[in-house]
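Structure first, commentary second.
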There are 2 protein chains.
Amino acid sequence: MAEIIRLLVIDDELPIRRFLRASLDPKEYELLEAENGAEGIRITAKSNPAVVLLDLGLPDMDGVEVARSLREWTQVPIIVLSARGQEQDKIDALDAGADDYLTKPFGVGELVARIRVALRHSGRSADDPPDPVFEAGGLRVDLALRQVWRDGTEIHLTPIEYKLLALLIRHAGKVLTHKQLLTEVWGPAYEIETHYLRVYMGQLRHKLEATPAEPRYLTTEPGVGYRLRTE
Amino acid sequence: MAEIIRLLVIDDELPIRRFLRASLDPKEYELLEAENGAEGIRITAKSNPAVVLLDLGLPDMDGVEVARSLREWTQVPIIVLSARGQEQDKIDALDAGADDYLTKPFGVGELVARIRVALRHSGRSADDPPDPVFEAGGLRVDLALRQVWRDGTEIHLTPIEYKLLALLIRHAGKVLTHKQLLTEVWGPAYEIETHYLRVYMGQLRHKLEATPAEPRYLTTEPGVGYRLRTE
DNA sequence: GTCAAGACTTACGAATTCTTGACGCCTCTG
DNA sequence: CAGAGGCGTCAAGAATTCGTAAGTCTTGAC
């Protein structure tokens, strides 16, 4: 199963919070609780929940105001849970920045389904940033596409070769020790097989370096490990 | 005011369409209409509406299926409008890819507020028409119509073949691991059946590649997975 | 029941990748 | 200077993964 989803419920009524706590599988959802609007805003800022469940009838401020305040600085999905079923209440809350509105009483199944919708939405906009592409000289690696080029021509790497190169790229410029490389690529049980590294670094140099005997990018740090130079 | 928002309502009941047409300000919303699921999908592909309003009780196919079909190739917000108020109906529709669910009868104000929410989610500019057609060389796939051509002639694919191909197209260029493919196409329980992939990739190559033994598009990444090359 | 389409299974040769050992070079150190 | 150890190269065979063909099983239409 994936990681645990952190939810925040902002509601002063203990029975509702109890109900949610009892209904949501703790292996799937972590439930934070706030009893009023100010506390809800504070906890949102501090704990960065994946979704906020917001009641409208709060003791210190109106729920619509809470939604508006949150929207000033966060895009966290807000699902309003309210006993008020009047249309104008819904419109006000949705226009204030809420993403969904459920009228009490509601079924847990529907709530969870709507939470899934909210998570789908927040996940989608997150993968907008373009592919992380590493470039240095004639070497070009697209980690999202799992593709490697040298001087414009595509190079095929075996799984281990690629894993090794990707690891070096993620720590470009830094020295990675033999142990680190072996543990990450082959697994903790192989941390003494330094010979593997010599073989595979050789293969990578052969495929990627202009003059494999005098590596420009994949350099050796004698007695320590290897490093991917960035220039 | 900004430009006119194009909506598509998929509903076979004329009174509902009339009601929407009468309620929505034509200076603000342009309302397209479809009387059944197939027509709805076609119009979505052709006219790229900003939001789809979907009834569940359609004459030709279930609304949940329409949502699922749309989600195979487009991210357009889907708001379900249904007389079915059962919780399970809502869960099914939302999990099939719908973004919101209103039970009839509903107020126009609430509907419009939820449309505004949907527009907020889909991003300010709705001007990136999702291309439901994938093309590369002699290969052409219309994800909206579920049709495939090679060099102009239509190719018939079995359900699994199509699912596999559509998945590769949605991540065109990227490597999809065996596990990802098996989980998405066959389900999480099948993630070790890598042989299925070999068989079905073979069938796809046989149907789609000019020389199946030297695939140009459906390429293997040994030890990792498969990739659909775009050029 | 018959039939056909599609899904799944089995079998096996081919291709790719990984592992391993041999060998030579170099540097450091006693 | 000799020996030890780290490093790079090469290549053989072991192990794994792939592709293909052909078969069996399931399902649904007629």
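Every chain is numbered from 1, with letters handed out A, B, ... down the list of sequences.
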Between T177(B) and Y226(B), is any pair of side-chain heavy atoms under 4.5 Å apart?
no
What is the separation between atom OH on Y162(A) and atom P on dC18(C), rounded to the nearest whole Å?
15 Å
Any donor-acceptor pair under 3.5 Å linking the side chain of T153(A) with the backbone of R150(A)?
yes
Check whether the side chains of R42(B) and S47(B) place a donor and an acceptor atom closer than 3.5 Å, and report yes or no.
no
Just to confirm, is there a sub-4.0 Å distance from OP1 or OP2 of dT19(C) to any side-chain nitrogen or oxygen of W186(A)?
yes
Looking at L176(A), is its backbone amide N or carbonyl O close enough to the side chain of Q180(A) to form a donor-acceptor pair, meaning the two atoms are under 3.5 Å apart?
no
Closer than 4.0 Å, any side-chain N/O of R198(A) to the OP1 or OP2 of dT9(D)?
no
Looking only at N and O atoms, is any donor in the side chain of H206(A) or the base of dT9(D) less than 3.5 Å from an acceptor on the other one?
no
Ion pair present between R114(A) and D100(B), side-chain N to carboxylate O less than 4.0 angstrom?
yes
Position toward the 5' end of DNA chain D (nearest nucleotide), G225(A) or V199(A):
G225(A)
In whole angstroms, the gap separating P of dT16(C) from CD of E214(B) amounts to 11 Å
Map E193(B) and L157(B) onto DNA chain C by nearest heavy atom, then report which one ends up closer to the 5' terminus.
L157(B)
So what's dT27(C) paired with, Watson-Crick or G-U wobble, going by both distances under 3.5 Å?
dA4(D)
Phosphate-side-chain proximity, T158(B) and dA7(C), N/O vs OP1/OP2 below 4.0 Å:
yes
Can you tell me how far P of dC7(D) sits from OH of Y196(A), to the nearest Å?
17 Å
Under 4.0 Å between a side-chain N/O of T220(B) and OP1 or OP2 of dG19(D), yes or no?
yes
Rounding to a whole Å, what distance do you find between Q203(B):CD and dC8(C):C1'?
10 Å
Report the distance from atom CG of L197(A) to atom P of dT20(C), rounded to the nearest whole Å.
14 Å
Return no unless some side-chain N or O of Y200(A) is found under 4.0 Å from OP1 or OP2 of dG8(D).
no
Expressed as a whole number of angstroms, how long is the span from L204(A):CG to dC18(C):C1'?
14 Å
Distance, rounded to the nearest Å, where H156(A) contributes NE2 and dA15(C) contributes C1':
11 Å
Verify the contact: side-chain N or O of H195(B) to OP1 or OP2 of dT20(D), cut-off strictly under 4.0 Å; return yes or no.
no
Given dG19(D), is OP1 or OP2 found less than 4.0 Å from the side-chain N or O atoms of Y226(B)?
yes
Value in whole Å for how far the P atom of dA7(C) lies from NZ of K163(B):
10 Å
